[in-house]
Number of protein chains: 2
Amino acid sequence: MKKTSLNDIAQQLGVSKTLVSLVLNGKGKEHRISEDIQKKVKKLAKELNYRPNQIAKGLRTGKTNTIGLIIADMANPFFGKLGREIEKEASLHGYRVMFCSSDEKAENSQKQIEMLQQGQVDGIIISPPEGSEEQILSLEASKTPYVLVDRYFADIDSNYVVVDNFQAAYEGTKHMINNDIRKIACVTTSARLVNMIQRLEGYKKALTDSNIPVLEERIKVMPFSHEKNDVFYAIKELLSAKDRVEAILFTTSKIGVMGLESIHSLGMQVPSDVRVVSFDDPDAYKISFPPISAIAQPLKEIGRESVKILLENIKNKEHKKQKVILNTRFIERKSSSK
Amino acid sequence: MKKTSLNDIAQQLGVSKTLVSLVLNGKGKEHRISEDIQKKVKKLAKELNYRPNQIAKGLRTGKTNTIGLIIADMANPFFGKLGREIEKEASLHGYRVMFCSSDEKAENSQKQIEMLQQGQVDGIIISPPEGSEEQILSLEASKTPYVLVDRYFADIDSNYVVVDNFQAAYEGTKHMINNDIRKIACVTTSARLVNMIQRLEGYKKALTDSNIPVLEERIKVMPFSHEKNDVFYAIKELLSAKDRVEAILFTTSKIGVMGLESIHSLGMQVPSDVRVVSFDDPDAYKISFPPISAIAQPLKEIGRESVKILLENIKNKEHKKQKVILNTRFIERKSSSK
DNA sequence: CTTCTTAGTTAAATCGGTTTAGCTAAAATA
DNA sequence: TATTTTAGCTAAACCGATTTAACTAAGAAG
């Protein structure tokens, strides 16, 4: 049972494939194809279960109705949920999504961008890893429509959709300070990505605004590609120092989850031994006992906005750059107060 | 800066595009193209940063080097991780992955299959929702290479990769019985999917093997598409009955997470008020306090096997059907013993 | 000196659609 | 009646690669 092509239909009806194409694309009226023939074509197409070959269509029209998505890791609930929202929104507009996990490695995103650019997608949504500036510039140069999410590069004029990371971290930290906690650590990562820099800045500003000194030994920056062990030792240091911290701000849920595991395995309890606030809001934080106070990102909106902007750029390649900064939502749970 | 095509290279060198194509596909020797010209072609291709248009290539060769993946929901960590493993394995073989979330709805997977079949992918890995038998039969009829994961249909001879759900549920239940727990409930879903049936059967068999009566009121089957509320009321019933259960087996992590939230919001504690064992092993279970005993599925292997089988079927469409049943791993944590 | 090899190269078909430009016959207008 | 318009349809180019089936010129063999 071979797939039926335009030609099959055309031949069986003794008409040209041009006609069949026009009719099936709803341009029958416009090209004054007689009602009679239009009916016949549609009927036979249905009977033969005709599905246009998107590859052929794509070759001619230069459109694939597919968007590429490059994120760090779709197994990470933050990116998984974001990916899902992007998929949903794209699907509403007739687009499919090709997912790529970069593992935050510029060499991976490099390959993925190249792959996606080989005529496979109409545009790209990317959460650019550290050191991928060149890649973004090359997207720009090749006029590939793209939107950055989660982070951006200050010196590159791009479309992007991010959250107000400074404000988010500021609020999270302030919340603990307002609960009479003053010895607050921050465990973070990738010191060079703008979103992480802003989170750290927000943390610092909240401290200084309350006249609390910012101590370098209370800021633990995990290596580029961090493992459970890295986090464990950081936590251990923070919690075993003479001047032990009372609380920790985690700047990603990946670190947060590892951090909580570490806290537990050190035999400590939240919040009695140490208070916790974390960026992102994975399910884990809701069912954890106690539940973890979280800085939730508006994933639905991020997804919706990024797709919207991308599609606008696909339609009109000269569209002016759009920069969207969304607000986070602080969710107070039991983990962050004495 | 337009993309360079084969023709561009050919014209600039004054040779035919046939030659260029042959050289760049490593068939230069075979077709005795002179070393001299080969070098020139390769050099210019590199200079112009030539990338073959995969759409054009796909049209001609009928191969896309893309596989389609249809899962319930990539935001669900179980499927997210599985998806990631599939992506990894596919990528090792030069394949990309198009992700689709069906939300366990047959109408969605129907559309997604149709979409993927329009010449977009070389094969499909699908976790078929309830009621999608027809769709699988049509995949079969159209000779589309496909592999089922997580579940299968008993009356359809398909490739599939699943785990031994009966044994897994049996072990999980038995573990609690061995800890002197006898009043064990099971909260499950989708009573018609084979994997869920087997999980329920495993639970029942473990009880009867220990001479514990199987009570219908201790088996809560969540509706097809369940929400937090559904689980909440089920849990409430189980824990407020006169003959209150001492433990619960959750047959998916989605239900498990909702269940744990419910337990907490009822003011109950694990394991003192109720013991818990759950299928799957999301991060949430590791950082939950107490950590949750889990029936972990070998996601890496499932991903690897399903891709392997799919690629074999893409290479050879007459390949005989392969059925792989993998073992789960029971991870004892603090949630399941008194 | 002709014929056969062989090395080196290419024209053209093909994949399955979309789109442009134009054709034919009948109807309308001059 | 001659010309223009219009309705209805189609041939052929095109997208950018792969692949088949030659074709040419030079050297080898007879």
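The model shown is predicted, which means the values in this text are computed figures rather than measured ones. Letters go in sequence order (proteins before strands), and every chain restarts at 1.
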Without swapping roles, check the side chain of B:Asp103 against the backbone of B:Lys105 for a donor-acceptor pair under 3.5 Å.
-> no

Please state how far atom NZ in B:Lys57 lies from atom C1' in C:dG16, giving the value in whole angstrom units.
-> 19 Å

Just compare D:dG16, D:dG8, D:dC9 and give me whichever is closest to any side-chain atom of A:Arg32.
-> D:dG8

Check the distance between C:dG8's P and B:Leu13's CG and give it to me in whole angstrom.
-> 18 Å

Against the side chain of B:Asn53, the closest entry in D:dA17, C:dT19, D:dT6 is D:dA17

Output for pair (A:Phe224 CZ, A:Arg192 CZ), nearest 0.5 Å, gives 8.0 Å

If you check every side-chain atom of B:Val15, which of C:dT10, D:dA17, D:dT10 has the closest atom?
-> C:dT10

With no hydrogens and no angle check, is any side-chain donor or acceptor of A:Gln38 less than 3.5 Å from a backbone partner on A:Ile33?
-> yes

The side chain of B:Leu19 lies closest to which of these nucleotides: C:dA13, C:dT9, D:dT10?
-> C:dT9

From D:dT20, C:dT19, D:dT10, pick the nucleotide closest to the side chain of A:Ser16?
-> D:dT10

Picking from D:dA17, D:dT19, C:dT19, the nucleotide nearest the side-chain atoms of B:Leu22 would be D:dT19

What is the distance, rounded to the nearest whole Å, between atom CD of A:Glu35 and atom P of D:dA7?
-> 14 Å

Atom-pair distance (CD1 on B:Ile33; C1' on D:dC23), nearest Å = 14 Å

Test item: side-chain donor near acceptor, A:Gln54 and A:Thr64, under 3.5 Å | no

Report yes if a side-chain nitrogen or oxygen of B:Asn25 is closer than 4.0 Å to either non-bridging phosphate oxygen (OP1 or OP2) of D:dT18; otherwise report no.
-> yes

With the side chain defined as heavy atoms from C-beta on, B:Lys27 is closest, among C:dT18, D:dT19, D:dA17, to D:dT19

Let me know the distance between NE2 of A:His31 and P of D:dT6, rounded to the nearest Å.
-> 17 Å

For B:Ile55, answer base if it contacts any base atom (sugar-phosphate contacts may also be present), sugar-phosphate if it contacts only those atoms, and nothing otherwise; contact means non-hydrogen atoms under 4.0 Å.
-> nothing

To the nearest Å, give me how far apart CG (B:Asp36) and P (C:dA7) are.
-> 17 Å

Assess whether one donor atom and one acceptor atom, taken from the side chain of A:Thr18 and the base of C:dT19, lie less than 3.5 Å apart.
-> yes

Of the candidates D:dT10, D:dG16, C:dG17, the side chain of A:Arg60 sits closest to C:dG17

Which is true for B:Ser21 with a 4.0 Å heavy-atom rule: it touches a base, it touches only sugar-phosphate, or it touches nothing?
-> base

Over how many whole Å does the gap from B:Gln118 atom CD to C:dG16 atom C1' extend?
-> 13 Å

Hey, is the side chain of B:Tyr50 poking within less than 4.0 Å of OP1 or OP2 on D:dA17, counting only N and O atoms?
-> yes

Closest nucleotide among C:dG16, C:dG17, D:dA17 to the A:Leu59 side chain = C:dG16

Protein-nucleotide distance (B:Asn65, atom CG; D:dA17, atom P), rounded to Å | 15 Å

Between B:Gln118 and B:Glu114: side-chain donor-acceptor atoms closer than 3.5 Å | no

Parallel, tilted or perpendicular: which fits the ring planes of A:Phe99 and B:Phe99, with parallel below 30° and perpendicular above 60°?
-> perpendicular

Please determine, for the side chain of B:Ala56, which listed nucleotide (C:dG17, C:dT19, D:dA17) has the closest atom?
-> D:dA17

Report yes if a side-chain nitrogen or oxygen of A:Ser34 is closer than 4.0 Å to either non-bridging phosphate oxygen (OP1 or OP2) of D:dC9; otherwise report no.
-> yes

No-H, no-angle donor-acceptor pair, B:Lys17 side chain to D:dG16 base, under 3.5 Å = no

